[in-house]
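Within every chain, numbering begins at 1; the chains are lettered A, B, ... in the order of the sequence lines, protein sequences first and strands thereafter.
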There are 2 protein chains.
Amino acid sequence: MTFSEENYLKTIYHLMAVSDAGISTNAIAEKMETKASSVTDMLKKLAEKELVNYVKYQGVSLTEKGQLAAKMIVRKHRLWETFLVEKLDFSWDEVHDLAEQLEHIKSEKLINKLDDFLGNPTEDPHGDAIPDANGRITKIEKQLLSEMDKNRVGICVGVKDTSSDFLKYLDKQEIALGSHIEIIEKESFDSSFRIRVETKEITISHKIASNLYIK
Amino acid sequence: MTFSEENYLKTIYHLMAVSDAGISTNAIAEKMETKASSVTDMLKKLAEKELVNYVKYQGVSLTEKGQLAAKMIVRKHRLWETFLVEKLDFSWDEVHDLAEQLEHIKSEKLINKLDDFLGNPTEDPHGDAIPDANGRITKIEKQLLSEMDKNRVGICVGVKDTSSDFLKYLDKQEIALGSHIEIIEKESFDSSFRIRVETKEITISHKIASNLYIK
DNA sequence: AAATTGTTTTAGACTAGACTAAAAAATATT
DNA sequence: AATATTTTTTAGTCTAGTCTAAAACAATTT
């Protein structure tokens with residue numbers, strides 16, 4: 001499988017996680033910052049290889065085979081991210097682009113050894129689940145902070161947006177995975193939140209709250 | 001720089017280490033298992049980028065810029081090999097192909113952090129020197145076992161041939177980097193060697209002896 | 001020095017993956 | 001239901017890197 005094929009599979013996989021319906025050509029094109037015509041070409045190729053179900057004008061979905069392949073790419077991506085943060089001391093906002101490269105290294109043995117080396121983690125540094133060698137995923141029950149009620153408490157277990165900007169903002173506010181969070185007040189006017197992070201009280205916007213997962 | 005460009009640079013670098021004369025198109029083609037015409041095309045491209053000195057029909061050599069680029073690729077290759085053996089517990093005959101992939105990951109920061117993580121090694125698992133971040137190489141004074149006299153003793157510090165077959169042979173004979181070697185006898189008829197490896201006495205062919213570096 | 005042999009380059013073709021522009025199909029609007 | 005708009009596909013072009021076959025050059029032999 002080529003780099004490009006792998007990137008398409010991964011993108012379709014991520015889009016399918018959001019909406020189960022057939023994924024549109026345009027949605028893929030937008031996410032990959034490419035043109036719809038390029039997507040169509042690739043979809044034909046992937047369909048030829050039985051990695052996607054593709055019917056002209058009706059979008060695609062992954063086949064079983066495609067889904068497994070995609071999960072293996074996600075597995076690699078998240079294991080490498082974990083390696084970079086845990087072992088090489090990168091910060092969580094730096095690792096995405098590197099993992100985008102590393103996820104294409106071809107070797108099952110390597111990734112399984114890396115998995116062992118890291119102690120078979122089930123989550124990456126952003127709180128996302130790492131599929132195991134068989135593609136199985138340990139679901140984490142989590143909730144968006146924005147959907148929680150006043151006075152609820154919990155632990156920050158993940159982020160929805162993983163953009164560098166957002167992650168840097170969290171660092172600045174000293175919000176990290178594992179941080180203890182308590183909802184002190186919800187401001188109905190602008191939907192902002194007054195929360196306590198460990199011992200510190202801060203105000204965060206609705207946008208921030210809707211990108212933080214709490215358990 | 002593309003993968004392909006990097007592979008050409010690396011190949012030229014390795015060939016230059018053997019003979020300082022201009023490297024021939026054919027030599028490159030053979031080493032890379034490609035055709036001479038493909039090599040010519042690429043040499044033009046590399047010359048355009050001022051990575052090689054190329055004059056039609058007269059072979060190539062690396063420019064300063066090309067040499068540094070090549071060293072950085074070798075640096076990455078050897079650091080990844082070291083990582084695979086030291087941290088992930090691969091054997092020394094398994095790591096080459098993987099490192100061929102990993103050496104193309106683009107990030108200075110990553111490779112420097114990896115270097116630190118490994119404790120800034122100066123040699124890889126085959127005893128080859130690892131260039132530092134500036135391209136500087138710590139020369140190891142070493143000698144081919146085949147060029148040493150009777151009764152000399154030393155430590156195995158490297159291998160010339162790094163093929164999987166050869167390395168597996170060494171494992172079988174329990175010859176490793178750091179092994180204590182003593183030359184007991186040189187057989188003039190077939191140039192074979194009777195040597196002691198640690199406490200064990202064995203006979204090795206001239207071919208084996210001429211691929212082992214001793215200090 | 002001419003002829004033969006071997007090496008290197010050129011010319012032209014191919015593939016993967018991307019693109020633009022135009023055509024076709026699907027969806028939305030009146 | 002007919003039209004307008006949007007989405008998707010097709011057709012054709014481009015680039016990087018490879019290839020084959022033929023031509024040009026270099027080296028060797030006679």
Phosphate-side-chain proximity, [X] and [N], N/O vs OP1/OP2 below 4.0 Å:
{"X": "A:S38", "N": "C:dC19", "answer": "yes"}
{"X": "B:T34", "N": "D:dC19", "answer": "yes"}
{"X": "A:Y8", "N": "C:dA18", "answer": "yes"}

For the pair made of [atom1] in [X] and [atom2] in [N], what is the distance, rounded to whole Å?
{"X": "B:D41", "N": "C:dG12", "atom1": "CG", "atom2": "C1'", "result": "11 Å"}
{"X": "A:K44", "N": "D:dT10", "atom1": "NZ", "atom2": "C1'", "result": "7 Å"}
{"X": "A:L43", "N": "D:dT10", "atom1": "CG", "atom2": "P", "result": "11 Å"}
{"X": "A:K35", "N": "D:dG12", "atom1": "NZ", "atom2": "C1'", "result": "16 Å"}
{"X": "B:M42", "N": "C:dT9", "atom1": "CE", "atom2": "C1'", "result": "16 Å"}
{"X": "A:E30", "N": "D:dT6", "atom1": "CD", "atom2": "P", "result": "15 Å"}
{"X": "A:I28", "N": "D:dT9", "atom1": "CD1", "atom2": "P", "result": "9 Å"}
{"X": "B:E48", "N": "D:dT15", "atom1": "CD", "atom2": "P", "result": "15 Å"}

Where is the tightest heavy-atom contact between B:F90 and B:V95, given as atom of each residue plus distance? CB-CG1, 3.6 Å
Please classify the nucleic acid contact of A:F3 as base, sugar-phosphate, or nothing, using heavy-atom distances under 4.0 Å. nothing
Please work out if B:S4 contacts a base, only the sugar-phosphate, or nothing of the nucleic acid, heavy-atom cut-off 4.0 Å. sugar-phosphate
Who pairs with A:S37 by side chain to side chain donor-acceptor pair (under 3.5 Å), at least two apart in sequence or on another chain? none
Angle between ring planes, B:H126 versus B:W92, binned at 30° and 60°: parallel, tilted or perpendicular? parallel
Can you label the angle between the A:Y169 ring and the A:F166 ring as parallel, tilted or perpendicular, going by 30° and 60°? parallel
Euclidean distance, B:L62 CG relative to B:I12 CD1, rounded to 0.5 Å: 5.5 Å
Contacts under 3.5 Å, N or O only, protein and nucleotides 4-8 of chain C:
{"residue": "C:dT8", "atom": "OP2", "partner": "B:N26", "partner atom": "N", "Å": "2.8"}
{"residue": "C:dT8", "atom": "OP2", "partner": "B:N26", "partner atom": "OD1", "Å": "3.4"}
{"residue": "C:dT8", "atom": "OP2", "partner": "B:N26", "partner atom": "ND2", "Å": "3.4"}

Distance-only side-chain donor-acceptor flag, B:D93 / B:S91, under 3.5 Å: yes
Set of residues satisfying ring-ring contact (aromatic ring centres under 6.0 Å, His included) with respect to A:F3, sequence neighbours excluded: A:H104, B:F3
